[in-house]
Amino acid sequence: MPVCWLFSEEGLHKPIHLPHWHASYWVEDQKQQLKTKNVLVSKLLHIVNDLYPYTIQFKEDLIGEQRGVKRPREHISVDKEVSGQDTRPLTTKNNEKEKSVVPDTQTSKSDGSSGHWNQGLKVSMQDPKMQVYKDETVVVIKDKYPKARYHWLVLPWQSIPNLKALRKEHCDLVRHMDEVGKQMVCQCPDTDSLRFRMGYHAIPSMSHVHLHVISQDFDSPCLKNKKHWNSFTTDYFIESRDVLHMLESDGRVCVKDNTSELLKLPLRCHICHKEVSTIPALKEHLKSHF
DNA sequence: GTTCTAGAAC
DNA sequence: GTTCTAGAAC
Ligand SMILES: Nc1ncnc2c1ncn2[C@@H]1O[C@H](COP(=O)(O)O)[C@@H](O)[C@H]1O
Ligand SMILES: [Zn+2]
């Protein structure tokens with residue numbers, strides 16, 4: 001069970017522990033009440049997302065997990081007395097120290113500083129306003145142009161350009177990205193009524209490897225063309241678990257040669273497979289499945 | 001005439 | 001990846 005925190009990115013207050021099933025809290029400067037009574041706290045993430053500068057930190061309860069192995073804590077600057085010693089959030093409000101969590105790859109090209117459009121994820125992932133979850137190895141942001149009601153991107157802090165660069169040694173990382181993706185689905189307020197898929201675009205446009213976590217309603221004004229549709233509903237979308245299995249068995253991810261042609265296939269409903277002629281007709285058809 | 005797609009963007 | 005828009009498709 002994750003431990004949840006209300007965490008001020010601006011250091012406005014000490015992290016507030018949000019126990020499951022218990023009390024309610026006022027976030028006074030936002031005039032918002034976070035009711036956690038009778039609610040699993042992880043379900044509150046969507047509320048907190050709207051309360052910039054707040055983010056929720058999930059952290060597995062370490063009781064009985066540590067086996068005497070101490071996690072390095074040099075980079076932690078949050079106040080010790082706020083919580084039980086071993087359940088503190090790992091993010092700090094101190095920028096200098098926070099950088100130590102993000103591998104610094106000297107080559108100035110790994111931080112999106114070139115300003116080219118395909119570096120946009122590197123910029124967004126570093127922006128606290130975009131982050132909805134982060135830990136030692138990954139960060140989750142809301143997709144800036146969501147193609148469904150819920151659309152998140154899970155990115156490693158480590159700069160890995162794309163699927164082709166993944167090797168066996170990335171198995172643990174990719175498995176963790178998958179687990180964090182599942183956590184995002186679990187905390188979604190509509191997790192019971194919506195189906196989700198998690199996967200990678202075989203040929204991404206944006207640099208920095210990222211896992212799509214996307215609800216299957218595809219009900220979004222940002223979904224505008226055939227490429228958008230086919231990139232999420234054909235084999236152009238490679239399931240997270242398939243990527244993991246390929247890495248475990250072959251040490252790399254196989255992308256077939258004809259993959260780019262999948263984007264030109266006729267529009268077809270992902271639920272009943274009916275072919276539709278235009279995007280507006282598809283959007284109208286999808287309503288019949290809501 | 002309006003809707004919709006698809007290619008340029010330096 | 002997105003925006004913009006010319007002209008294809010209806
Ligand atoms: N600056 C950005 N910040 C966050 N998400 C973005 C940004 N630019 C593009 N995206 C999303 O990133 C995804 C990249 O798609 P792909 O490279 O095909 O996996 C798309 O879903 C975009 O909507
Ligand atoms: Zn259908």
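Lettering follows sequence order; numbering is per chain, from 1.
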Base, sugar-phosphate, or nothing: which does K147(A) touch, judged by heavy atoms less than 4.0 Å apart? sugar-phosphate
If you measure only the distance, is there a donor-acceptor pair under 3.5 Å linking the side chains of D217(A) and H289(A)? no
D143(A) and Y145(A): side chain donor to acceptor below 3.5 Å: no
Donor-acceptor pair, distance only, cut-off 3.5 Å: does the side chain of N225(A) make one with the backbone of H228(A)? yes
Which is the 5'-most and which the 3'-most nucleotide of DNA chain C that has an atom under 4.0 Å from a heavy atom of chain A? dG1(C) to dT3(C)
Among residues 211-235 of chain A, which contact DNA chain B at a heavy-atom distance under 4.0 Å? none
Checking H210(A) side chain against H208(A) main chain: does a donor-acceptor pair fall under 3.5 Å? yes
Compute the ring centroids of F218(A) and W229(A), then answer whether they are less than 6.0 Å apart. yes
Under a 4.0 Å heavy-atom cut-off, which of residues 266-290 of chain A touch DNA chain B? T278(A), I279(A), P280(A)
I need the full list of salt bridge (Lys or Arg N to Asp or Glu O under 4.0 Å) pairs touching residues 159-174 of chain A, with sequence neighbours left out, sorted by first then second residue. D172(A)-R175(A)
In dot-bracket, 5' to 3', how would DNA chain C read with Watson-Crick or G-U wobble pairs under 3.5 Å, [ ] for crossing ones and | for pairs to another strand? .|||||||||
Is there a donor-acceptor pair under 3.5 Å between the side chain of Q216(A) and the backbone N or O of I214(A)? yes
Looking just at side-chain N and O atoms, do N118(A) and S207(A) make a donor-acceptor pair shorter than 3.5 Å? no
Side-chain ion pair, K122(A) and D111(A), N-O less than 4.0 Å: no
H201(A): ring-ring contact (aromatic ring centres under 6.0 Å, His included) partners, not counting sequence neighbours: H212(A), F232(A), Y236(A)
Between S220(A) (side chain) and P146(A) (backbone), is there a donor-acceptor pair under 3.5 Å? yes
Cationic N near anionic O, under 4.0 Å, E284(A) to K287(A): yes
